[in-house]
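Atoms considered below: every heavy atom in the structure, side chains included; atoms not considered: hydrogens, waters and symmetry mates.
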Amino acid sequence: KFSDHEERLSGSEKEEDEDDVEVAVKKEVGQIRASMEQKLRRFQSVESGANNVVFIRTQGIEPENLVHHILKDMHATKKKKTRVILRMLPISGTCKAFMEDMKKYTETFFEPWFKAPNKGSFQIVYKARNNSHMSREEVIKELAGIVGSLNPENKVDLNNPQYTVVVEIIKNVCCLSVVRDYVLFRKYNLQEVVKSNKDDTQQKPSSLTEEQNLKVVKPETEAEKSSKEVKQENK
């Protein structure tokens with residue numbers, strides 16, 4: 001509704017006001033866009049709803065490539081670069097954590113890795129947090145069946161698979177990813193991947209005291225030798 005003042009304005013004055021309003025609207029839209037662009041950061045924390053789980057959303061970055069690069073660098077350099085992060089898992093897709101939704105979503109989600117002519121050995125790892133209505137055995141069985149239906153040459157390998165299907169269920173959300181070198185990078189554990197293979201098997205050398213070392217090196221005297229022979233004869 002126009003006010004009495006606006007109704008009394010002449011035609012030219014109305015046009016000037018409309019121009020002013022249009023400029024003001026454009027300016028406001030520009031400010032909103034600028035503020036939104038500032039908020040769209042490359043990395044943004046998102047509330048996960050589960051204890052000890054930090055979810056980070058990325059912009060313009062492939063999570064699998066990013067995490068694989070980090071773990072590859074740590075595995076090669078053996079340099080520990082974090083004290084508080086235990087595991088780092090990429091999440092490429094999400095859906096509702098109900099069996100029908102997961103089956104429908106993964107039929108398309110798995111195609112880049114497992115649909116013919118693509119193929120590979122695989123395993124499925126499952127973890128659920130704050131969720132009790134999903135069955136681990138049922139999820140693994142159904143998802144393995146979908147991978148097999150995409151290409152019969154996809155085979156299960158629990159020792160050294162080419163791909164690992166990561167299923168992380170948090171409340172009512174299913175987080176999915178397909179990762180490489182899961183076994184080599186110690187299940188994507190940032191604390192374990194920096195350990196060398198020798199650390200797992202090498203035992204600490206036994207420490208001898210200075211007195212023990214002297215006893216080992218010191219030759220027997222003639223008196224000690226004869227005393228030992230007497231003791232043996234008595235025995």
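- Under a hydrophobic-cluster definition in which Ile, Leu, Val, Met, Phe, Trp and Tyr are linked whenever side-chain heavy atoms come within less than 4.5 Å, directly or via other members, Leu89 and Val67 are assigned to the same cluster.
- Annotation: side chain of Val179 is in contact with side chain of Pro90 (closest heavy-atom distance under 4.5 Å).
- Salt bridge absent: Lys103 and Glu107 never bring a charged side-chain N and a carboxylate O closer than 4.0 Å.
- In the hydrophobic clustering of this structure, Val84 groups with Val54; members are Ile, Leu, Val, Met, Phe, Trp, Tyr whose side-chain heavy atoms approach within less than 4.5 Å, directly or through other members.
- Counting heavy atoms from C-beta on, the side chains of Leu71 and Asp181 never come closer than 4.5 Å.
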(request) Could you walk me through whether Asp157 and Gln162 pass the side chain to side chain contact (heavy atoms under 4.5 Å, CB included) test, one step at a time? (result) CA-CA 8 Å; Asp157 185 351; Gln162 186 177 355; over 6 Å; no

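- Contact check for Cys174 versus Val167: side-chain heavy atoms found under the 4.5 Å cut-off.
- With Asp73 as the partner, the salt bridge (charged side-chain N to carboxylate O under 4.0 Å, His left out) test is satisfied by one option alone out of Lys81, Lys78, Lys80: Lys81.
- Shown here for Ser121 and Asn160, the closest heavy-atom pair between the two residues is OG-O, 4.3 Å.
- Side-chain contact between Arg129 and Glu168: present, with at least one pair of heavy atoms (C-beta onward) separated by less than 4.5 Å.
- A continuous path of hydrophobic side-chain contacts links Met99 to Phe110 [ILVMFWY only; heavy atoms under 4.5 Å].
- For the 3.5 Å distance criterion, the side chains of Thr164 and Gln123 qualify, holding a donor opposite an acceptor.
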(message) Pair Thr82, Gln191 - check side chain to side chain contact (heavy atoms under 4.5 Å, CB included), show working.
(response) CA-CA 8 Å; Thr82 174; Gln191 305 299 325; 4.1 Å; yes

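- Among all heavy-atom pairs drawn from Arg87 and Asn189, the shortest one is CG-CA, 4.1 Å.
- Counting heavy atoms of neighbouring residues, nucleotides and ligands inside a 6.0 Å radius, atom CG of Asn65 exceeds 12 of them.
- At least one donor-acceptor pair closer than 3.5 Å links the side chain of Asn154 to the backbone N or O of Gly120.
- The local environment of CD in Gln59 is crowded, with over 12 non-hydrogen atoms from other residues, nucleotides or ligands closer than 6.0 Å.
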(request) Please assess Ile61 against Phe43 for the test side chain to side chain contact (heavy atoms under 4.5 Å, CB included), listing each intermediate value before the final yes or no. (result) CA-CA 9 Å; Ile61 298 173; Phe43 303 101; 3.6 Å; yes

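- Linking Ile, Leu, Val, Met, Phe, Trp and Tyr residues whenever their side-chain heavy atoms come within less than 4.5 Å leaves Ile91 and Trp113 in two separate clusters.
- Two residues are said to be in side-chain contact when any heavy atoms from C-beta on lie closer than 4.5 Å; Leu176 and Tyr105 meet this criterion.
- By the criterion of side-chain heavy atoms lying less than 4.5 angstrom apart, applied directly or through intervening Ile, Leu, Val, Met, Phe, Trp or Tyr residues, Ile124 is grouped together with Val139 in one hydrophobic cluster.
- Phe185 places a side-chain heavy atom less than 4.5 Å from the side chain of His68.
- Within the 4.5 Å cutoff, the side chain of Cys95 has no heavy atoms near those of the Phe109 side chain.
- Rounding to the nearest 0.5 angstrom, the gap separating the CZ atom in Phe114 from the NZ atom in Lys119 is 13.5 Å.
- Checking each of Met134, Lys96, His133 against Asn172 for a side-chain contact (heavy atoms from CB on, under 4.5 Å) leaves exactly one that passes, namely His133.
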(request) Determine, stepwise, if the pair Ser177 / Glu64 fulfils side chain to side chain donor-acceptor pair (under 3.5 Å). (result) CA-CA 8 Å; Ser177 61; Glu64 305 102 321; over 6 Å; no

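- By the 4.0 Å N-to-carboxylate-O rule, Glu138 lies too far from Lys141 to be salt-bridged with it.
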(request) Give the C-alpha distance, both sets of side-chain angles, the deciding distance and a yes or no for side chain to side chain contact (heavy atoms under 4.5 Å, CB included) between Ile170 and Asn131. (result) CA-CA 7 Å; Ile170 304 174; Asn131 181 293; over 6 Å; no

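- One finds the CD1 atom of Ile169 at 4.5 Å from the CE atom of Met102 (value rounded to the nearest 0.5 Å).
- Within the 4.5 Å cutoff, the side chain of Val178 has no heavy atoms near those of the Phe122 side chain.
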